[in-house]
Amino acid sequence: MLDLKSVIQDFDGVERRLSRRGEGAVATLRPVRELAARRRELNVALEGMKKRQSEANARVGQLMRTDKAAGEAARAEARVLSDQVKGSDEELRQVEAAIEKVLLVVPNLPHESVPDGKDEKDNVVVRTWGEKPRLDFVPKPHWELGEALGILEWPQAAKISGARFTISKGAAARMERALAAFFVDVHTSRGYREVLPPYLVTAETMTGTGQLPKFEEDLFRTQGETPLYLIPTAEVPVTNMHRDEIFEGSDLPISYCAWTPCFRAEAGAAGKDTRGLIRQHQFHKVELVKFARAEESLSELEKMVDDAQEVLKRLGLHHRVIQLCAGDMGFSATKTYDLEVWLPGQEAYREISSCSSCDDFQARRIRVRYRGEGGKPRLAHTLNGSGVAIGRTVVAILEQCQQADGTVLVPEVLRPYMGGLERIVPEKFPRGVER
RNA sequence: GGAGAGCUGGCCGAGCUGGUCGAAGGCGCCUGACUCGAAAUCAGGUGUACCGGUAACGGUACCGUGGGUUCGAAUCCCACGCUCUCCGCCA
């Protein structure tokens, strides 16, 4: 959420910065100006009214003890004031609710270091690590490899859960578990604290990080009077962990990593990536979350990208770092880098991590602050990034490490986590025939 | 799920027969005095947000959350949430 005060102070400036995200973003802000002016008007009037009321109330209290008749008269007078206050109070509350409603759907302002651009075509490649593996055969996409090896299974998944689900078996299932452990081990050794948060959270929590109210259709929700939502990323519970807290400035930055499943309704993604593991309703991810002082958040973002890259490097996976343009960034982000891993079976780079600074945009919603110079609490900055998506890492390993004979070499650093397995070969396991 | 107790300022804790209570007292913290210095002692100060004001300062709101009663609520009423204890159930 943007700061109402600075929006009012420099409406044109904010509008201009927002316009880099596109016309839709600007439109969300438009009603604020008028509402804010109205609010100010009402507030000033109301405060004066309240002052007169409390004076009148004090008079009633005194007179009641000495002069009953005069007290009753004063009481009648006070009653009139009370009615006025109630009326104005209600009006002010409505205006404030309207402002809140508007502000909650206004996206964050892109940082000035973010390149202009409309969509993913305008993103900028920052650097590339490794090289495309040279294969003397035609590489297969992971879904073909996985099916042939007997480790990825879609028909059964569709039978029990519908589209956009996968069952991993044998080496694939184990690799997910191995990658999770490997990623968390790397990150904890580099200063991140491991947490295992709830996967179901309240609407308030979803609002804190910006998924609600704007993106409800992307979420899975439970039934009941007070529904809970399945987390689309560990960013949600971990960032909200410190809601309404005040850190000592000297304690920051604080870094967390969390391995969780993620659940996404993938509304509006019909027809995209329908094959394979790329776009699922459920997947695993190791997430990195940081709370930082305002002045250090951008340098912490660079470090976070390094940390995410580190696991890909250790796996030997060719990838590149790109910076998202203003028009392609997520709702809460002020600056975002994506890591894209090379998938030879699809001849494409695909996102495997996204690291963002949200500056104080989320912190304002969830009231996370720290005491800086002079002991005054100020809003912290929040950062989050994938470190990295596990399902997509399996995809990358299958495709980048595939051999001409259809087997897959397990990256060396992963072997200790997989019971020493060096090569994935076709797995035979009894399966009935569909009637 | 059932029964009971509780939720007050950074912390502990009074207030809860409704008015002058942003709220006693203590701890912690800050400043000053004393001291070579420190401890102890003494005196003073010590929340957040918003509004008006160049500022000094003034004002409004906040006693788990939301509603209600009332001229007026930390104090009364209702609902909800959370915590603790006991019982049941359960992995």
Side-chain angles (χ1 to χ4, degrees), chain A residues 1-10 32-104 196-208 212 222-229 237 240-252 261 360-361 363-380:
Chain A
M1 187 161 67
L2 299 179
D3 177 34
L4 179 60
K5 205 192 259 178
S6 34
V7 170
I8 294 166
Q9 265 169 12
D10 182 20
V32 168
R33 186 180 245 165
E34 199 180 314
L35 285 168
R38 180 84 185 120
R39 187 186 77 104
R40 185 195 186 83
E41 224 170 82
L42 285 169
N43 188 252
V44 169
L46 181 63
E47 287 200 355
M49 236 183 264
K50 279 186 173 170
K51 191 188 175 190
R52 271 178 276 132
Q53 185 196 18
S54 64
E55 285 164 357
N57 287 340
R59 261 200 309 280
V60 174
Q62 258 171 352
L63 287 172
M64 279 306 199
R65 259 172 262 152
T66 53
D67 183 345
K68 259 280 164 61
E72 283 300 336
R75 205 178 137 197
E77 227 174 281
R79 184 175 289 145
V80 176
L81 281 172
S82 171
D83 288 342
Q84 283 177 11
V85 166
K86 272 175 192 151
S88 297
D89 204 36
E90 177 58 28
E91 204 178 343
L92 177 65
R93 261 199 276 182
Q94 279 174 12
V95 171
E96 285 185 332
I99 291 174
E100 171 91 354
K101 204 175 157 195
V102 170
L103 237 34
L104 277 176
L196 201 153
Y199 308 150
L200 287 160
V201 299
T202 61
E204 188 188 3
T205 298
M206 284 294 181
T207 306
L212 290 178
T222 63
Q223 296 270 303
E225 238 175 282
T226 49
L228 292 172
Y229 294 84
N240 275 278
M241 240 174 11
H242 290 297
R243 191 163 70 209
D244 289 309
E245 292 183 13
I246 303 177
F247 291 109
E248 283 307 321
S250 55
D251 289 339
L252 298 180
D360 59 15
F361 185 85
R364 185 169 296 108
R365 291 180 167 217
I366 61 183
R367 297 166 299 279
V368 176
R369 292 171 295 174
Y370 66 98
R371 290 187 198 283
E373 304 292 310
K376 281 267 179 283
R378 60 177 299 187
L379 291 170

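Per chain, numbering begins at 1; letters A, B, ... match sequence-line order. We use all heavy atoms of the structure for the numbers below, so side chains are in, but hydrogens, waters and symmetry mates are not.
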**Request:** State whether Arg38(A) and Glu41(A) are salt-bridged, where the test is any N-O pair (Lys NZ or Arg NE/NH1/NH2 against Asp/Glu carboxylate O) under 4.0 Å.
**Result:** yes
**Message:** Can you confirm whether Leu92(A) sits close enough to Arg39(A) that some side-chain heavy atom of one is under 4.5 Å from a side-chain heavy atom of the other?
**Reply:** yes
**Fill in**
note: Leu92(A), atom CG; C50(B), atom C1'; distance rounded to Å ~ 11 Å
**Request:** For residues Tyr229(A) and Thr222(A), determine if any side-chain heavy atom of one lies less than 4.5 Å from a side-chain heavy atom of the other.
**Result:** no
**Asked** On RNA chain B, nearest-nucleotide positions of Val44(A) versus Arg52(A): which is more 5'?
**Response** Val44(A)
**Item:** Separation of C11(B) P from Ile246(A) CD1 (nearest whole Å)
**Value:** 10 Å
**Prompt:** Which of the following nucleotides, G72(B), A49(B), C51(B), is nearest to the side chain of Arg369(A)?
**Reply:** A49(B)
**Request:** Identify whether the distance between the nearest side-chain nitrogen and carboxylate oxygen of Glu72(A) and Arg75(A) falls below 4.0 Å.
**Result:** yes
Review item, nucleotides 61-67 of chain B N/O atoms under 3.5 Å of protein N/O:
unit_1 : atom_1 : unit_2   : atom_2 : d
G67(B) : OP1    : Arg93(A) : NH1    : 3.1

**Separation of U60(B) C1' from Arg40(A) CZ (nearest whole Å)** = 15 Å
**Nearest-Å distance for atom pair CZ/C1', residues Arg75(A) and G72(B)** = 10 Å
**Message:** Checking contacts here: which listed nucleotide (C71(B), C51(B), G59(B)) is nearest the side-chain heavy atoms of Lys5(A)?
**Reply:** C51(B)
**Asked** Of Gly48(A) and Ala76(A), whose nearest nucleotide on RNA chain B comes first from the 5' end?
**Response** Gly48(A)
**Prompt:** Expressed as a whole number of Å, how far does the P atom of U83(B) sit from that of U41(B)?
**Reply:** 40 Å
**Message:** Taking G72(B) as the reference, what is the distance to A61(B) when you measure between their C1' atoms (whole Å, please)?
**Reply:** 16 Å
**Rounded distance (nearest 0.5 Å) linking atom CZ of Arg59(A) with atom CD of Glu77(A)** = 6.0 Å
**Prompt:** Any side-chain N or O of Ser54(A) under 4.0 Å from OP1/OP2 of U60(B)?
**Reply:** yes
**Complete:** Minimal heavy-atom distance between Gly71(A) and Val60(A), with the atoms involved, is O-CG1, 4.4 Å
**Under 3.5 Å donor-acceptor, Arg243(A) side chain and Arg365(A) backbone** = no
**Message:** Output the pairing pattern of RNA chain B as a dot-bracket string, 5' first, Watson-Crick or G-U wobble with both distances under 3.5 Å, | for cross-strand pairs, [ ] for crossing pairs.
**Reply:** ((((((((.[[[..)...(.....]]]((((((.......))))))((((((....)))))).[[[[[..)....]]]]])))))))....
**Prompt:** Starting at CG of Asn43(A) and ending at C1' of C51(B), how long is that distance when rounded to a whole Å?
**Reply:** 5 Å
**Item:** Below 4.0 Å: OP1/OP2 of G72(B) and any side-chain N or O of Lys86(A)
**Value:** yes
**Message:** Roughly how many Å apart are C7(B) and U65(B), using the C1' atom of each and rounding to a whole number?
**Reply:** 11 Å
What's touching nucleotides 18-21 of chain B from the protein side, N or O pairs under 3.5 Å?
unit_1 : atom_1 : unit_2   : atom_2 : d
G19(B) : N2     : Asn57(A) : O      : 3.2
U20(B) : O4     : Arg65(A) : NH1    : 2.5
U20(B) : O4     : Arg65(A) : NH2    : 2.5

**Request:** Kindly indicate whether the side chain of Val102(A), heavy atoms from C-beta on, has any atom under 4.5 Å from the side chain of Leu35(A).
**Result:** yes
**Message:** Treating Arg364(A) as the side-chain partner and Met1(A) as the backbone partner, does any N or O pair qualify as donor plus acceptor under 3.5 Å?
**Reply:** yes
**Message:** Treating Ser54(A) as the side-chain partner and Lys51(A) as the backbone partner, does any N or O pair qualify as donor plus acceptor under 3.5 Å?
**Reply:** yes
**Message:** Can you measure Ile8(A) atom CD1 to C50(B) atom P for me and round it to whole angstrom units?
**Reply:** 11 Å
**Asked** Roughly how far apart, to the nearest Å, are A5(B) and U60(B) at atom P?
**Response** 38 Å
**Prompt:** Taking atom C1' of C71(B) as reference, at what distance in whole Å does atom CD of Glu72(A) sit?
**Reply:** 10 Å
**Request:** Test Leu212(A) against Leu104(A) for side-chain contact (heavy atoms from CB on, under 4.5 Å), laying out the working first.
**Result:** CA-CA 8 Å; Leu212(A) 290 178; Leu104(A) 277 176; over 6 Å; no
**Prompt:** Does Leu379(A) offer a backbone N or O that forms a donor-acceptor pair with the side chain of Asp360(A) under 3.5 Å?
**Reply:** no
**Request:** Could you tell me the separation between the CD atom of Gln53(A) and the C1' atom of A73(B), rounded to a whole number of Å?
**Result:** 12 Å
